[in-house]
Amino acid sequence: MKKQIRVIFQDIKKEISVELDDTHSPKTVETLLENLPIEVSIHRWGDELYTEKTKISEEPENAKINVKLFDVAYWPEGKAICLFFGPTPISKAGEILAYSPVNIVGKIIAYNNEEQDVLNKIRDGQRVVFK
């Protein structure tokens, strides 16, 4: 099952689209959908954005540390949603690495370079709504 949702960055009045896909983590995607809308603060760690703790509580589900460009994941350890748009501080050449294992729940829909421009403008503590 695939379902498109919006991620709205309220402070800069911009949004991106995410396609949720239950192929890798079906329980996590189901729980995420059941909890929409989710309004939280977001933080930056290199070219990863991650939310403050959400009300979602899922165990690792096919969790992994190596992620791909534009992956969207749920981080069980931090109960957070993560958006990967480039290397993190622990990434190695040619790899994007999460801090600890994450459940892949979808992808940022990249129409052009606009998504990366929007994500690069996000600063610590800004508000975001997933809906």
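Heavy-atom neighbours of Lys64 NZ from other residues, nucleotides or ligands within 6.0 Å: above the threshold of 12. Within 6.0 Å of atom CD in Glu59, 12 or fewer heavy atoms from other residues, nucleotides or ligands are found, so the atom counts as exposed in its surroundings.
Judged purely by atom type and a 3.5 angstrom limit, Asn103 has no side-chain atom pairing as donor or acceptor with the backbone of Ala73. Under a 3.5 Å cut-off, the side chain of Ser25 and the backbone N or O of Ile104 do form a donor-acceptor pair.
A side-chain donor from one of Arg127 and Ser41 sits under 3.5 Å from a side-chain acceptor of the other. Side-chain atoms of Thr28 and Thr31 form no donor-acceptor pair, as typed in the model, at a separation below 3.5 Å.
By the 4.5 Å heavy-atom criterion applied to side chains, Asn66 and Leu97 are counted as neighbours.
Counting all heavy atoms, side chain and backbone alike, Lys68 lies closest to Phe84 at O-CB, 4.1 Å. Pairing each heavy atom of Glu48 with each of Cys82, the nearest pair is OE2-SG, 3.3 Å. Across Ser17 and Gln4, no two heavy atoms sit closer than the pair OG-NE2, 3.4 Å. Between Ser91 and Ile96, the shortest heavy-atom distance links the atoms OG-CA, 3.5 Å. Residues Lys27 and Glu61 approach most closely at N-OE2, 3.0 Å, considering heavy atoms. Across Leu36 and Phe130, no two heavy atoms sit closer than the pair CD2-O, 3.4 Å.
Of the residues Ile38, Val40, Ile56, the one that meets the side chain to side chain contact (heavy atoms under 4.5 Å, CB included) test with Thr51 is Val40.
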Report the C-alpha separation of Glu19 and Lys107 in whole Å, then their side-chain angles, then the decisive distance to 0.1 Å, and conclude whether the salt bridge (charged side-chain N to carboxylate O under 4.0 Å, His left out) test is met. CA-CA 5 Å; Glu19 183 177 71; Lys107 279 258 190 230; over 6 Å; no
